[in-house]
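Everything below concerns the one structure shown next.
A quick note: this is a predicted structure, and the numbers were derived from the prediction, not measured. Residue numbering restarts at 1 for every chain, and letters A, B, ... go by the order of the sequence lines.
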Amino acid sequence: MTSITLAPGLTYYPDYLDRQAQEELLQSLRDITREAPLFTPRMPRTGKPFSVRMTNCGPLGWVSDVEGYRYQPTHPETGRPWPAMPDQVLRTWEELSEYPHPPDACLVNFYEPSARMGLHQDKDEEEFAAPVVSLSLGDTALFRYGGLDRKDPTKSIRLRSGDAIVFGGPARLIYHGIDRLMTGSSDLLPQGGRLNLTLRKVGKPL
DNA sequence: TAGTCGCA
DNA sequence: CGGA
């Protein structure tokens with residue numbers, strides 16, 4: 001397995017999932033979105049919608065609305081519990097996280113060709129000792145990452161379908177985001193677009 | 001402050 | 001980019 005250190009604690013695994021594994025994961029995500037439909041998150045206070053739509057699997061899911069960012073055990077629109085995390089996702093966490101407990105949450109972000117995600121930190125968890133593990137499927141995305149301060153200089157790399165990235169240690173709280181997609185760069189998703197999974201341990205281990 | 005916009 |  002190839003790994004590239006982009007910055008201390010930030011590790012990039014190009015082509016972590018082969019085509020067969022990507023298709024298997026895509027089928028799991030179809031099952032998940034049927035049970036837990038994609039919803040449009042909104043900014044706290046202003047209520048401005050994100051361009052990305054999302055859902056979750058696992059015991060907890062990340063949601064955002066006018067009330068704020070939070071993790072909760074149920075879908076914000078259906079009120080039902082999130083679907084279980086696929087075994088394939090749990091195995092990825094076991095292999096890449098170097099953390100001795102399973103993740104609590106798997107956020108699934110769906111990017112239409114025009115969707116973007118501004119520079120932000122993943123900091124709504126309690127357990128920063130656990131890394132964030134990210135998987136990309138579908139169209140290539142221009143991923144931008146910086147430092148712990150929002151105004152720190154940033155670098156960009158292209159994330160392709162099947163790539164994985166791990167934010168751990170000193171990189172656990174770095175600012176990052178998605179500037180744009182390269183439409184038509186993958187034929188995994190028939191309609192185009194990109195799916196991103198982010199696995200997180202939310203609470204401190206019992 | 002996980003968005004949007006204006007300006008260099 | 002930086003401001004709000």
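Nucleotide B/dA8 forms a pair with no other nucleotide shown, judged by Watson-Crick or G-U wobble geometry with both contacts under 3.5 Å.
Judged by closest nucleotide on DNA chain C, A/Arg144 is the one of A/Arg150 and A/Arg144 placed further toward the 5' end.
A salt bridge links A/Glu125 with A/Arg200; the closest basic N to acidic carboxylate O contact falls under 4.0 Å. A/Arg19 has a carboxylate O that lies under 4.0 Å from a charged side-chain N of A/Asp187, or vice versa, which qualifies the two as a salt bridge.
What separates CG of A/Leu119 from P of B/dT4 is a distance of 15 Å, to the nearest Å. Distance CZ (A/Arg194) to P (B/dA2): 17 Å, rounded to an integer number of Å. Atom-to-atom, CZ of A/Arg180 to C1' of B/dG3 comes out at 19 Å; the value is rounded to the nearest Å. The CG-P distance, from A/Asp179 to C/dC1, rounds to 10 Å in whole Å. Taking atom OH on A/Tyr175 and atom P on B/dT1, their separation rounds to 9 Å, with Å as the unit. Atom-to-atom, CZ of A/Phe110 to P of B/dA2 comes out at 22 Å; the value is rounded to the nearest Å. A/Asp65 places its CG atom 14 Å from the P atom of B/dA2, with the value rounded to the nearest Å. Going from atom CZ of A/Arg45 over to atom C1' of B/dT1 covers 12 Å, rounded to whole Å.
At the heavy-atom level, A/Met117 lies under 4.0 Å from base atoms of the strands shown. Residue-level contact check: A/Pro41 touches neither bases nor backbone, having no heavy atom under 4.0 Å from any strand. Nucleic acid contact for A/Asn196: none, since no nucleic acid atom lies under 4.0 Å from a heavy atom of the residue.
The side chain of A/Arg116 approaches B/dT4 more closely than any other nucleotide in the set C/dA4, B/dT4, C/dG2. Distances from the side chain of A/Asp122 to the nucleotides B/dA2, B/dT4, C/dC1 place B/dA2 closest. With B/dT1, C/dG2, B/dG3 as the choices, the nucleotide that has an atom nearest any side-chain atom of A/Phe50 turns out to be B/dG3.
For the residue pair A/Arg160 / A/Ser186, no side-chain donor-acceptor distance below 3.5 Å is found, with atom types taken as modelled. Looking at A/Ser134 and A/Asn196, their side chains do bring a donor and an acceptor atom within 3.5 Å of each other.
Spacing of C1' atoms, B/dC5 relative to B/dT1, comes out at 13 Å, to the nearest Å.
Two residues are said to be in side-chain contact when any heavy atoms from C-beta on lie closer than 4.5 Å; A/Glu77 and A/Thr55 fail this criterion.
With centroids closer than 5.5 Å and planes inclined by less than 30 degrees as the test, A/Trp62 and the base of B/dA2 pass as a stacked pair.
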